[in-house]
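Letters go in sequence order (proteins before strands), and every chain restarts at 1. Owing to the predicted nature of the structure, the values given are computational and were not obtained by experimental measurement.
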2 protein chains.
Amino acid sequence: MAQKRTPPMKEKCCEFSKDLPDTIQKELDKKGGMEGLLARIPDASVLHASSRLHQALADPIRLTVMYSLLSQPLCVCVIKAVVNIADSKLSYHLTILKEQDFIVGEQQGNWIIYSITDNGRQALKCTERLGK
Amino acid sequence: MAQKRTPPMKEKCCEFSKDLPDTIQKELDKKGGMEGLLARIPDASVLHASSRLHQALADPIRLTVMYSLLSQPLCVCVIKAVVNIADSKLSYHLTILKEQDFIVGEQQGNWIIYSITDNGRQALKCTERLGK
DNA sequence: ACAATGTTTCAAGAAAATTTGAAACATTTG
DNA sequence: CAAATGTTTCAAATTTTCTTGAAACATTGT
């Protein structure tokens with residue numbers, strides 16, 4: 001089977017008109033040009049994961065839940081009393097926080113007790129930093 | 001005009017069935033009950049603002065832009081070369097980052113040069129913490 | 001096994017965020 | 001001032017996220 005030759009395609013990635021502002025161009029060159037710039041950006045997979053973490057925190061209801069659990073572990077019924085929304089809605093938001101390991105739930109008899117995780121605590125610290 | 005008496009309405013907020021797991025109930029009581037719990041949760045307006053901040057970071061394209069600008073100030077055309085998307089799309093994402101004061105743009109001749117702000121740098125530090 | 005309580009799951013609908021392409025705007029250059 | 005370049009704005013289409021209510025699941029007590 002004949003080996004397929006690499007087609008003579010133009011490098012599609014990372015092109016732009018020849019001249020940029022001088023200061024930009026110089027600094028870019030000094031730091032390894034486009035190649036250097038790209039090398040300093042985290043992998044797409046990392047950025048994707050980071051964006052999911054932020055996404056999970058990007059809702060007032062979910063932040064309210066996080067802050068509630070920062071006080072102490074709570075069963076769903078108490079959390080519900082805090083946020084004052086329908087059961088299924090709360091469950092949806094709890095799931096999103098669970099998926100990012102910000103909280104964990106443990107069945108205890110008839111109830112499920114949610115607690116904040118170390119990740120969750122970190123996340124709230126981040127949130128406060130962002131705010132200031 | 002007759003003074004309207006406070007109607008005998010049930011406190012609608014923050015109710016739940018009388019019995020909770022014992023450990024939860026005890027800790028809740030010790031910490032000021034529902035009232036104490038609620039008092040430790042930041043204001044809705046604060047949480048709303050925080051969620052917007054996270055929301056702005058909740059997209060891989062926007063994180064890529066932020067990391068690009070962490071290297072150095074850049075004109076839109078270079079950023080575009082990095083993220084490889086349509087102009088208008090990039091502009092949309094730049095606007096969102098601008099709105100949260102993570103980046104600023106300054107016109108310089110024909111170009112607009114974007115830079116990361118101190119808030120933006122903080123935000124990326126947060127992002128890294130979240131990840132680890 | 002059945003009823004009661006606490007919680008989650010599911011599918012459908014509603015709302016919000018993102019993408020797209022065309023048009024507009026701003027600045028520089030001829 | 002017209003053409004060229006760099007960037008933003010706008011409205012419509014698309015995609016994603018969120019909400020809702022009904023049904024299901026799990027545990028406990030009878």
Hey, what else clusters with Tyr92(B) if you join Ile, Leu, Val, Met, Phe, Trp, Tyr whenever side-chain heavy atoms sit under 4.5 Å?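 Hydrophobic cluster check, Tyr92(B): joined to Ile96(B).
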Show which residues join Val46(A) in its hydrophobic cluster (side-chain heavy-atom contacts under 4.5 Å, direct or indirect), or state none.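 Result for Val46(A) is none, singleton.
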List the steps and the verdict of side-chain contact (heavy atoms from CB on, under 4.5 Å) for Ser51(A) and Leu57(B). CA-CA 6 Å; Ser51(A) 71; Leu57(B) 300 170; over 6 Å; no
Hits for salt bridge (Lys or Arg N to Asp or Glu O under 4.0 Å) against Asp118(A), two or more places apart or cross-chain, chain-then-number order -> Arg121(A)
Using whole Å, report how far [atom1] of [X] lies from [atom2] of [N].
| X | N | atom1 | atom2 | result |
| --- | --- | --- | --- | --- |
| Ile85(A) | dT8(C) | CD1 | P | 12 Å |
| Lys80(A) | dG6(C) | NZ | P | 10 Å |
| Glu106(A) | dT7(C) | CD | C1' | 15 Å |
| Leu20(A) | dG6(D) | CG | C1' | 11 Å |
| Lys89(B) | dT15(D) | NZ | C1' | 11 Å |
| Ile24(A) | dG6(D) | CD1 | C1' | 14 Å |
| Ile113(A) | dA26(D) | CD1 | C1' | 14 Å |
| Ile61(B) | dT15(D) | CD1 | P | 15 Å |

I need the residues from residues 90-105 of chain A with at least one non-hydrogen atom less than 4.0 Å from DNA chain D; give them sorted by number, or say none. Tyr92(A), His93(A), Ile96(A)
Do any pairs count as a salt bridge (Lys or Arg N to Asp or Glu O under 4.0 Å) and have a residue in residues 30-41 of chain B, sequence neighbours left out, and if so which ones?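 Applying salt bridge (Lys or Arg N to Asp or Glu O under 4.0 Å) to every pair that reaches into residues 30-41 of chain B, excluding sequence neighbours, yields Glu27(B)-Lys31(B).
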Here the salt bridge (Lys or Arg N to Asp or Glu O under 4.0 Å) pairs for residues 82-92 of chain A, sequence neighbours left out, are Lys80(A)-Asp87(A)
Would you jot down, in residue-number order, the residues of residues 63-74 of chain A having a non-hydrogen atom under 4.0 Å from DNA chain C?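 Within residues 63-74 of chain A, no residue comes under 4.0 Å of DNA chain C.
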Near DNA chain C, under 4.0 Å by heavy atom, which residues of residues 44-59 of chain A? none
Is there a side-chain contact (heavy atoms from CB on, under 4.5 Å) between Leu74(B) and Leu37(A)? Walk through the geometry before answering. CA-CA 11 Å; Leu74(B) 293 170; Leu37(A) 180 54; 3.8 Å; yes
Closest to the Ile112(B) side chain, choosing from dT7(C), dT19(C), dT7(D):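 Closest of the options to the side chain of Ile112(B): dT7(D).
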Less than 4.5 Å apart, any side-chain heavy atom of Gln100(A) and any of Arg52(A)?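 Gln100(A) reaches Arg52(A) side chain to side chain.
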Find out whether Lys26(B) and Asp22(B) are in side-chain contact, i.e. whether some heavy atom of one side chain is under 4.5 Å from a heavy atom of the other.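 A side-chain contact under 4.5 Å exists here.
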Would you check if the side chain of Arg62(A) reaches a backbone N or O of Gln55(A) as a donor-acceptor pair within less than 3.5 Å?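 At least one qualifying donor-acceptor pair exists.
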For Thr117(A) and Asp101(A), indicate whether the former's side chain and the latter's backbone hold a donor-acceptor pair under 3.5 Å.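 Yes.
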Can you list every ring pair (Phe, Tyr, Trp, His ring centres under 6.0 Å) pair that touches residues 31-60 of chain A, not counting sequence neighbours? His54(A)-His54(B)
Of all residues at least two apart in sequence or in a different chain, which pass the side chain to side chain donor-acceptor pair (under 3.5 Å) check with Glu128(B)?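 Partners of Glu128(B) by the side chain to side chain donor-acceptor pair (under 3.5 Å) criterion, ordered by chain and then number, come out as Tyr67(B).
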So, using side chain to side chain donor-acceptor pair (under 3.5 Å) as the criterion, who are the partners of Lys98(B) when residues are at least two apart?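 Here the qualifying residues are Tyr114(B).
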Under 4.0 Å protein heavy-atom contact, by nucleotide of nucleotides 22-30 of chain C - B base, S sugar-phosphate only: B----BS--
